[in-house]
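What follows is a set of notes on a single structure, which appears directly below.
Just so it is clear, the structure is predicted and the values come from calculations on it, not from any experiment.
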2 protein chains.
Amino acid sequence: MQQLLNYIKSIHPLPAEALEALFSISSEVSFKKNTDVQPIGHTCRTVYFIKKGALRIYYLKDGVDVTESFEFENAIVARAESLFSGKPSKKAIQALEDTALIAINAPALFKLYDDYPSLERLFRKIFEDAYVKTVVRLESLQFHTAEERYQNLLKDHPYILQRVPLKYIASYLGITAVSLSRIRAIK
Amino acid sequence: MQQLLNYIKSIHPLPAEALEALFSISSEVSFKKNTDVQPIGHTCRTVYFIKKGALRIYYLKDGVDVTESFEFENAIVARAESLFSGKPSKKAIQALEDTALIAINAPALFKLYDDYPSLERLFRKIFEDAYVKTVVRLESLQFHTAEERYQNLLKDHPYILQRVPLKYIASYLGITAVSLSRIRAIK
DNA sequence: CAATGCACTTTACATATGATAAGTAATTAC
DNA sequence: GTAATTACTTATCATATGTAAAGTGCATTG
């Protein structure tokens with residue numbers, strides 16, 4: 001849990017009792033490469049912390065796999081639109097590599113907020129950050145061309161190219177794998 | 001302030017002292033149709049509640065006006081990516097109609113969180129809801145075609161068509177006004 | 001009331017992206 | 001180590017959307 005501890009410290013340090021309470025509703029789980037961590041149609045009741053490996057969130061559009069997002073080590077992952085609405089998600093979470101996670105029971109977490117304001121503050125900040133990332137991603141999709149989005153990805157997250165198949169990156173950028181190939185071929 | 005009170009009650013009722021504290025950092029402001037509430041390049045330090053009227057958030061892409069979002073009565077508006085990061089926003093907020101707002105001083109609000117956990121919870125929930133809306137919008141842009149997005153807008157927010165010029169709706173949908181015209185002409 | 005401007009539509013043409021299919025390279029499985 | 005599968009690229013053609021320009025209707029204004 002040391003890794004999660006460091007992550008927490010970097011955002012909002014917790015008093016010992018709050019940490020204990022958090023750990024009491026957390027457990028370690030592992031997933032093999034290419035297996036679903038949570039399937040489509042499942043209501044999100046778990047917040048994951050990635051110890052090792054990589055996850056992606058994806059959706060099936062008329063049977064075609066479309067990637068919404070990637071996450072790697074030392075990040076929190078959840079399908080917010082399901083977690084905060086209580087509705088089933090149309091998206092799944094998949095392990096892109098053999099992945100070790102810490103699973104935090106979300107309903108239990110939300111109950112702990114009453115007793116540990118520091119926990120509420122920590123996760124408020126975590127999800128504010130996630131919100132900001134989502135807005136920035138929205139801007140990217142709405143305001144930039146596919147080629148700009150690819151160049152920005154190269155600039156900002158070059159490691160993604162090393163760890164994620166291009167077919168997933170293509171749909172993440174909002175284009176087909178064929179189109180991404182063309183964009184990459186230009187230069 | 002009654003209107004804001006009702007809005008708050010619907011999300012997370014506040015004790016009297018927390019309400020007073022919130023009102024003490026809030027003020028009423030008005031904007032004429034087509035004026036900027038906040039300009040591009042401004043760091044967002046205000047959270048607005050719309051009493052009456054309509055706002056949009058927009059961006060200039062190579063000099064071309066692109067609308068990110070619309071908000072109407074009884075909604076909270078802020079540019080999250082600036083508010084929560086402290087960075088200047090590349091986007092502006094504009095009044096689409098003569099608009100009456102309640103302006104909440106955001107840095108002051110964040111300080112109040114220490115003394116009024118109920119305030120922190122209220123705004124945590126408000127921004128969680130906003131986060132969910134942003135994720136749903138991201139899904140819409142990434143997973144659906146322009147025509148599907150228009151049909152969904154018709155279905156879910158038909159009043160927007162009555163209150164907002166089509167040119168703004170077009171860029172909101174990620175297409176040009178010409179392309180929207182074509183989509184509308186089909187049926 | 002005429003005139004100007006603005007929102008919107010329509011047309012014609014250009015271009016980017018999609019769909020399909022074939023070919024190559026890399027990876028996985030036996 | 002070879003075969004089979006998967007990932008990626010390339011080519012061709014179809015299509016949706018963009019750009020530019022012209023036209024229509026409505027509203028605002030002097």
What nitrogen or oxygen pairs link the protein and nucleotides 6-9 of chain D at under 3.5 Å?
{"unit_1": "D:dA7", "atom_1": "OP1", "unit_2": "A:Lys167", "atom_2": "NZ", "d": "2.7"}
{"unit_1": "D:dA7", "atom_1": "OP2", "unit_2": "A:Lys167", "atom_2": "NZ", "d": "2.8"}
{"unit_1": "D:dC8", "atom_1": "OP1", "unit_2": "A:Leu166", "atom_2": "N", "d": "2.9"}
{"unit_1": "D:dC8", "atom_1": "OP2", "unit_2": "A:Leu166", "atom_2": "N", "d": "3.0"}
{"unit_1": "D:dC8", "atom_1": "OP2", "unit_2": "A:Lys167", "atom_2": "N", "d": "3.0"}
{"unit_1": "D:dT9", "atom_1": "OP1", "unit_2": "A:Arg184", "atom_2": "NE", "d": "3.4"}
{"unit_1": "D:dT9", "atom_1": "OP1", "unit_2": "A:Arg184", "atom_2": "NH2", "d": "3.4"}
{"unit_1": "D:dT9", "atom_1": "OP2", "unit_2": "A:Ser181", "atom_2": "OG", "d": "2.5"}
{"unit_1": "D:dT9", "atom_1": "O5'", "unit_2": "A:Ser181", "atom_2": "OG", "d": "2.9"}

**Fill in**
Output for pair (B:Leu173 CG, B:Tyr150 OH), nearest 0.5 Å, gives 8.5 Å

**Request:** Measure the distance from CG on B:Leu173 to C1' on D:dG18 and round it to the nearest whole Å.
**Result:** 16 Å

**Message:** Measure CZ/B:Arg182 against P/D:dG18 and give the value in whole Å, please.
**Reply:** 7 Å

**Prompt:** Taking atom C1' of D:dG18 as reference, at what distance in whole Å does atom CG of B:Asp62 sit?
**Reply:** 14 Å

**Request:** Would you confirm whether A:Ser118, through its side chain, and A:Leu14, through its main-chain N or O, come within 3.5 Å as a donor-acceptor pair?
**Result:** no

**Request:** For the residue pair B:Gln2 and B:Asn6, confirm or rule out a side-chain donor-acceptor distance under 3.5 Å.
**Result:** yes

**Asked** Which class fits the ring pair A:Tyr159 and A:His157: parallel under 30°, tilted 30 to 60°, perpendicular over 60°?
**Response** perpendicular

**Residues B:Glu71 and B:Tyr48: side-chain donor-acceptor under 3.5 angstrom** = no

**Message:** Run B:Phe49 and B:Asn74 through side chain to side chain contact (heavy atoms under 4.5 Å, CB included) and show every step you take.
**Reply:** CA-CA 7 Å; B:Phe49 173 78; B:Asn74 299 305; 3.5 Å; yes

**Message:** For B:Thr134 and B:Phe127: C-alpha separation, side-chain torsions, deciding distance, then whether side chain to side chain contact (heavy atoms under 4.5 Å, CB included) applies.
**Reply:** CA-CA 10 Å; B:Thr134 304; B:Phe127 288 115; over 6 Å; no

**Asked** Between which nucleotides of DNA chain C, 5' to 3', does chain B make heavy-atom contacts below 4.0 Å?
**Response** C:dA7 to C:dA12

**Message:** Between B:Tyr168 and B:Phe70, is the ring-ring contact (aromatic ring centres under 6.0 Å, His included) condition met? List the steps.
**Reply:** CA-CA 9 Å; B:Tyr168 294 149; B:Phe70 304 105; 7.2 Å; no

